Amino acid sequence: MKRVLITGGAGFLGSHLCEKLLSKNYEVLCLDNFFTGKKENILHLLKDPKFEVIRHDIVFPIFLEVDEIYNLACPASPIHYQYNAIKTIKTNVLGTLNMLGMAKRVKATILQASTSEIYGNPSEHPQKESYWGNVNPIGIRSCYDEGKRVAETLMMDYHRQNGVDIRIVRIFNTYGPRMNINDGRVVSNFIVQALTNKDITVYGDGSQTRSFCYVDDLIDGMILMMENKENFIGPVNLGNPEEYTILELAEIILELTKSKSKIVFKPLPQDDPIRRKPDIELASKKLNWKPEVRLKEGLMKTIEYFKKVLKGENVI
Ligand code: NAD
Ligand code: UDP
């Protein structure tokens, strides 16, 4: 039985990954400092004897014996990663360093959850893995996107210098059940606003684009990457290439929720990328992976989830 460590395991993506790996009969160690993660996300897994939870902050070293490490610990929403920018940098740099140190010591394979943000405000469209990006090194998003770029550098250097078995996935905007209701990301904001008949807050004129991947598709891609037999280390883009403007997204959510909310326009945050869409040819060729869930189908599942959360119903 493989023993797997998932840092950030109580977060949105991490909790789905814990669940999926337990269902594949792995022993799962979920490590989290509960900054943006929640016990409710993993409560239903606690009865499984193969599951263990560790409250720990990856900025500090920890000694564990595992076969695989998925390094997801890091707040992903701009409002949360900007709340304590220095902590975000520490998590990405010192935290990744600690996890790489562990991988080296116990000869574990380590997968880093990188991000499309490493491409910054891209001048190439769609974004291929070969593109080096257009990132502001001193802006308010830098703690996250430069932090994740250093994390990729550390992964590559541990691989070249110490032979650590690594995997890098660049995750594009992902949504689904267990996103935090106060997460601040666009899908959860718009759905919650629509369901509570509050104004839908479109930042800028809403012409900026994103490509939204449903969580189940993303988790399948991550596991395929970790387990690929070719020792393909990446980096590889994982995301859904269907591109929408933020205004289109608002209109689709209004239609699906049959909401009476009005769309209002708010200032565009600094350094907000104008467009984003993954080129997923590499993932398709190397991992035989492509997303299956269409936007409206995934949004309906997410809407059902938030309806229950808003009613105070059990969502597990
Ligand atoms: P999330 O905020 O729900 O989860 C992050 C988890 O990490 C939380 O449980 C949080 O408590 C934990 N954490 C944060 N700092 C920590 C620390 N120092 N030590 C231990 N635990 C810590 O976010 P998510 O959407 O689940 O994202 C997970 C990972 O995937 C992140 O690394 C993020 O950068 C990456 N990612 C996500 C997306 C997306 O669209 N969801 C896109 C690109 C990359
Ligand atoms: N956005 C918006 N209204 C919101 C939240 C976000 O218009 O209430 C916009 C945001 O400015 C960005 C896009 O939606 O252009 C995606 O934002 P998110 O924070 O979800 O992810 P990221 O910017 O990291 O891709």
Side-chain angles (χ1 to χ4, degrees), residues 4-8 11-14 16-17 20-21 24 67-74 76 92 96 99-100 103 108-120 122-135 144-160 163-176 210-243 273 275-293:
V4 182
L5 172 67
I6 302 175
T7 76
F12 162 49
L13 295 182
H16 285 275
L17 186 59
K20 189 72 192 244
L21 290 176
K24 286 166 74 80
D67 304 299
E68 292 176 353
I69 303 168
Y70 287 84
N71 189 33
L72 272 62
C74 180
N92 280 320
T96 305
M99 291 307 112
L100 278 161
T109 306
I110 177 168
L111 177 145
Q112 171 65 11
S114 188
T115 166
S116 54
E117 299 260 337
I118 65 105
Y119 298 120
S123 46
E124 238 183 52
H125 195 73
Q127 293 79 55
K128 277 193 172 52
E129 291 82 352
S130 53
Y131 177 51
W132 289 355
N134 175 31
V135 175
Y144 185 74
D145 46 33
E146 292 288 20
K148 289 280 186 182
R149 285 169 72 97
V150 174
E152 287 199 11
T153 309
L154 285 168
M155 292 283 288
M156 290 307 297
D157 284 335
Y158 267 76
H159 176 67
R160 282 186 288 251
V164 173
D165 192 16
I166 62 156
R167 309 278 185 267
I168 301 173
V169 294
R170 293 182 177 156
I171 303 168
F172 283 64
N173 298 62
T174 302
Y175 69 98
R210 295 292 187 273
S211 309
F212 299 98
C213 186
Y214 188 66
V215 60
D216 291 355
D217 283 334
L218 195 275
I219 298 299
D220 287 347
M222 280 176 106
I223 297 173
L224 280 171
M225 182 60 178
M226 175 65 101
E227 297 187 345
N228 85 77
K229 298 280 179 271
E230 281 181 46
N231 286 333
F232 167 56
I233 64 171
V236 68
N237 289 338
L238 294 180
N240 191 320
E242 278 181 21
E243 186 183 8
R275 51 193 188 161
R276 186 182 287 157
K277 168 183 163 136
D279 180 315
I280 57 165
E281 219 183 294
L282 193 61
S284 155
K285 204 166 86 196
K286 292 284 191 183
L287 309 174
N288 195 21
W289 175 86
K290 68 171 172 48
E292 304 288 344
V293 182

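Computed from a predicted structure; not experimentally measured.
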Ignoring hydrogens, what is the shortest heavy-atom contact between [X] and [Y]? Give both atom names and the distance.
| X | Y | result |
| --- | --- | --- |
| I118 | V135 | O-CG2, 3.3 Å |
| S116 | N173 | OG-OD1, 4.3 Å |
| P278 | G239 | CG-C, 3.8 Å |
| E68 | A108 | N-CB, 4.1 Å |

Could you give the distance from OG1 (T96) to CG (L154), rounded to the nearest 0.5 Å?
6.5 Å
Which value, rounded to the nearest 0.5 Å, describes the distance between M226 atom CE and T109 atom OG1?
6.0 Å
Pairs meeting criterion salt bridge (charged side-chain N to carboxylate O under 4.0 Å, His left out) with involvement of residues 123-134, two or more places apart:
K128-D279
Identified side chain to side chain contact (heavy atoms under 4.5 Å, CB included) counterpart of C213 within the set T174, I280, V293:
T174
Given side chain to side chain contact (heavy atoms under 4.5 Å, CB included), test N237 with F172 step by step and report yes or no.
CA-CA 7 Å; N237 289 338; F172 283 64; 3.6 Å; yes
Please name the residue in the list H125, Q127, R170, R149 that meets the side-chain hydrogen bond (donor to acceptor under 3.5 Å, both in side chains) test with Y119.
R170
Step-by-step salt bridge (charged side-chain N to carboxylate O under 4.0 Å, His left out) determination, R276 to E117:
CA-CA 9 Å; R276 186 182 287 157; E117 299 260 337; 3.1 Å; yes
Between D157 and R160, is there a salt bridge with N-O shorter than 4.0 Å?
yes
Is K20 salt-bridged to D220, cutoff N-O under 4.0 Å?
yes
Report yes or no: does W289 contribute a side-chain atom to a donor-acceptor pair with the main-chain N or O of D217 at less than 3.5 Å?
yes
